[in-house]
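To start, the structure under review is shown below, and the notes come after it.
Please read these numbers as outputs of a predicted model, since none were measured by experiment. The figures here come from the full heavy-atom set of this structure, side chains too, leaving out hydrogens, waters and symmetry mates. One-based numbering, in listed order, for ligands and for the atoms of each.
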Amino acid sequence: MPDNKRILITGNNGYIGSVMAPWLQGQGFDVVGLDTGYFAPCTLVPDHTDVPTIHQDLRDVTASELAGFDAVIHLAALSNDPIGNLNEAWTREINSQGTIHLARLAKQAGVPRFIFSSSCIMYGTSEAAVVDETAPLAPRTEYARSKVEAEMALRALADERFSPTFCRNGTVYGLSPRMRFDTVLNDFMGNAFTTGRIVIQSDGTPWRPVVHVQDVARAFQAVVEAPLETVHNEAFNIGADQLNHQIRDLGQIAAAAVPGCELASVPHPGADQRTYKADFAKFKRTFPAFSFRWTATDGAKELYAAFRKIGLTHGMFTDKRFTRLSWLRHLLDSGSIDETLKWTDLKANNSREGAHVSTGQEAERSGNPIDA
Ligand SMILES: NC(=O)c1ccc[n+]([C@@H]2O[C@H](COP(=O)([O-])OP(=O)(O)OC[C@H]3O[C@@H](n4cnc5c(N)ncnc54)[C@H](O)[C@@H]3O)[C@@H](O)[C@H]2O)c1
């Protein structure tokens with residue numbers, strides 16, 4: 001039985017949380033989730049997990065709800081760049097102010113560890129060949145800024161009673177019950193499988209680190225179990241050197257996983273050319289026994305097998321349930337959530353109704369989605 005045994009995971013009904021929460025449960029942790037449930041009905045494959053969950057907006061959490069936990073793993077967020085474009089205030093309010101609120105209360109409630117799901121995207125465009133955790137942060141979007149602001153505020157809370165750790169993930173891929181098709185490799189695979197064609201909307205040269213969702217779950221476990229002095233107030237890029245890829249490599253990997261798939265590149269002016277390679281030496285040094293088990297090639301094969309099994313159609317692939325911005329817009333348009341992104345009384349009917357809609361309504365994406 002692990003020492004730091006009682007864990008609260010926020011965002012456990014999201015893409016990563018739906019994999020991480022049951023994984024940690026299976027490892028012997030006593031896991032409780034906290035999620036407002038925006039994407040609860042958005043399942044691509046059934047979620048058979050049984051994680052007790054506090055159905056709560058993190059902005060309304062109280063200290064008493066946090067008492068007794070050995071660690072908080074904080075995943076809950078508006079989780080990509082385009083949502084920031086919909087309304088910047090929401091991203092700031094939930095991702096930075098919400099995080100700070102949660103962390104202050106966790107500290108007040110005596111929770112010793114706070115693991116923050118951050119992002120390598122905060123490095124922005126980098127002139128440097130590789131960016132380690134000391135590289136200057138150059139957030140270019142509201143989403144990236146919200147991660148920087150949250151990290152800075154959490155650092156200021158660190159003391160002998162409270163240890164925040166910042167896990168800067170690359171873009172995550174792989175199968176989850178609450179699938180996202182708005183991240184790069186998942187999107188390429190969905191296109192490859194349902195249309196037989198991948199179109200890269202840039203020259204394909206930008207670099208991005210990617211990481212499999214199951215490896216993210218294992219890496220966070222390593223952080224939760226680490227001696228406090230090794231992770232106290234530390235940032236880690238989560239991944240491994242072989243997981244830095246150019247976008248065109250990821251296109252080739254996805255195309256190779258799907259028989260007969262074509263790969264095309266249509267560079268256009270204004271394409272997203274932000275580029276960076278992450279340096280993962282610090283994680284490797286701190287966790288020498290840990291290995292990232294998944295390669296992008298294995299992940300592409302896993303998705304191909306899963307898509308065959310469920311018979312993924314183009315309508316399912318482009319359904320709004322699997323693109324975070326489209327689903328939030330649906331919840332807003334149907335009156336299920338209000339202009340502060342809190343649930344209204346219409347929630348029960350509308351979100352359930354939406355959950356069964358598989359109209360193939362085109363998801364809102366511009367170009368290849370590459371950041372999360
Ligand atoms: N998926 C990636 O590629 C990636 C990469 C780097 C970092 N991250 C970070 O990891 C975390 C999880 O990402 P994900 O891909 O699982 O995202 P997701 O959108 O699938 O899940 C986020 C979850 O948080 C919940 N949530 C959002 N706002 C909330 C609020 N106000 N109160 C309570 N719950 C709320 C949602 O309901 C959802 O279940 C996020 O912090 C994201 O920024 C993700």
Side-chain angles (χ1 to χ4, degrees), residues 8-21 33-44 47 51 53-61 65 73-84 90-99 101-102 115-123 141-148 150-151 166-174 176-187 208-213 215-217 219-220 237-239 243 278 299 321-328 331 336-337 340-343 347 351 369-372:
L8 181 78
I9 302 187
T10 72
N12 65 302
N13 290 151
Y15 170 66
I16 297 175
S18 296
V19 172
M20 187 185 291
L34 185 146
D35 199 305
T36 192
Y38 291 142
F39 311 107
C42 301
T43 47
L44 181 70
D47 180 5
V51 176
T53 300
I54 305 167
H55 298 283
Q56 166 90 302
D57 193 298
L58 72 95
R59 292 168 288 180
D60 300 328
V61 166
E65 287 170 307
I73 293 180
H74 181 39
L75 303 177
L78 298 183
S79 57
N80 67 4
D81 284 343
I83 299 176
W90 292 333
T91 295
R92 220 167 23 243
E93 221 181 280
I94 293 176
N95 293 10
S96 50
Q97 290 158 17
T99 297
H101 168 72
L102 182 74
I115 295 144
F116 179 53
S117 189
S118 194
S119 174
C120 282
I121 197 60
M122 57 172 50
Y123 297 120
T141 62
E142 201 50 45
Y143 171 71
R145 268 191 294 279
S146 75
K147 293 291 182 190
V148 173
E151 279 202 15
F166 315 106
C167 293
R168 297 178 182 166
N169 306 303
T171 297
V172 184
Y173 66 91
S176 161
R178 292 193 178 73
M179 196 62 185
R180 286 181 58 184
F181 283 125
D182 52 4
T183 60
V184 62
L185 190 57
N186 293 353
D187 170 70
R208 284 293 182 284
V210 296
V211 60
H212 192 280
V213 63
D215 278 340
V216 173
F220 275 56
N237 293 339
I238 301 292
L243 299 173
R321 288 176 295 163
F322 309 119
T323 293
R324 294 303 181 237
L325 174 59
S326 304
W327 183 254
L328 280 181
L331 294 180
S336 303
I337 54 177
T340 67
L341 294 197
K342 293 201 176 165
W343 293 105
K347 168 198 173 177
S351 62
I370 49 180
D371 299 323

How long is the gap from OG on Ser117 to CZ on Arg168, to the nearest 0.5 Å? 12.0 Å
Give the contacting part of Gln56 toward ligand 1: side chain, backbone, both or neither, where contact means a heavy-atom distance below 4.0 Å. backbone
Heavy-atom distance to atom 25 (C) of ligand 1: which of Ile73, Asn13, Asp35 wins? Asp35
Does ligand 1 have any atom that is closer than 4.0 Å to a heavy atom of Tyr173? no
Evaluate side-chain hydrogen bond (donor to acceptor under 3.5 Å, both in side chains) for Arg208 paired with Thr171, printing each intermediate quantity in order. CA-CA 7 Å; Arg208 284 293 182 284; Thr171 297; 5.4 Å; no
Is the closest side-chain heavy-atom distance between Ile9 and Phe220 below 4.5 Å? no
So between Val172, Leu185, Leu75, whose heavy atom ends up nearest atom 40 (C) of ligand 1? Leu75
So for Arg180, does at least one of its heavy atoms come nearer than 4.0 angstrom to any atom of ligand 1? yes
N/O of Tyr15 under 3.5 Å from N/O of ligand 1, yes or no? yes
Who passes ring pair (Phe, Tyr, Trp, His ring centres under 6.0 Å) against Tyr15, sequence neighbours left out? none
Please say whether Leu78 places an N or O atom under 3.5 Å from an N or O atom belonging to ligand 1. no
Proximal atoms of ligand 1 relative to Ile94 (non-hydrogen, under 4.0 Å): 28 (N), 31 (N)
Please work out whether any backbone atom (N, CA, C, O) or any side-chain heavy atom from C-beta onward of Cys120 is under 4.0 Å from ligand 1, and answer side chain, backbone, both or neither. neither
Give, for atom CD of Glu65 and atom CG of Leu34, the distance between the pair rounded to the nearest 0.5 Å. 7.0 Å
Do you know the tightest heavy-atom contact between Met20 and Ile73? SD-CG2, 3.9 Å
Tell me every residue that passes side-chain contact (heavy atoms from CB on, under 4.5 Å) with Ala76, counting only those two or more places apart in sequence or in another chain. Thr10, Leu58, His74
Decide whether Glu151 and Ser118 meet the rule of one side-chain donor and one side-chain acceptor closer than 3.5 Å. yes
Show the atoms of ligand 1 that are less than 4.0 angstrom away from any heavy atom in Ser79. 17 (O), 18 (P), 19 (O), 42 (C)
So is Ser18 close enough to ligand 1, meaning a heavy atom under 4.0 angstrom away? no
So, 4.0 Å and heavy atoms of Lys147: is ligand 1 close enough to count as a contact? yes
If we number the atoms of ligand 1 from 1 as shown, the ones under 4.0 Å from a heavy atom of Gly170 are 5 (C), 6 (C)
Gly37 near ligand 1, heavy-atom distance under 4.0 Å? yes
Hydrogens and angles aside, do Arg180 and Ser79 bring a side-chain donor and acceptor to less than 3.5 Å of each other? yes
Looking only at distances, can you tell me whether any N or O atom of Thr183, backbone or side chain, sits closer than 3.5 Å to an N or O atom of ligand 1? no
Thr36 and ligand 1 - part of the residue with a heavy-atom distance under 4.0 Å: both
N or O contact, Asp57 vs ligand 1, cut-off under 3.5 Å: yes
Show which atoms of ligand 1 fall inside a sub-4.0 Å distance from at least one heavy-atom site of Asn169. 6 (C), 7 (C)
Quick one: which of Thr53, Leu75, Thr43, Thr36 gives a side chain to side chain contact (heavy atoms under 4.5 Å, CB included) with Asn13? Thr53
Mind checking whether Arg324 has an N or O less than 3.5 Å away from an N or O of ligand 1? yes
4.0 Å heavy-atom contact, Ser176 with ligand 1: no
If you measure every N or O of Leu34 against every N or O of ligand 1, does any of those distances drop under 3.5 Å? no
Straight-line distance of Ser326 OG to Arg321 CZ, nearest 0.5 Å: 12.0 Å
Proximal ligand 1 atoms for Ser118, defined as those under 4.0 Å from one of its heavy atoms: 6 (C), 7 (C)
Looking at CZ of Phe39 and CZ of Arg324, how far apart are the two atoms once the value is rounded to the nearest 0.5 Å? 4.5 Å
How are the rings of Phe116 and Phe166 set to each other: parallel, tilted or perpendicular (split at 30° and 60°)? perpendicular
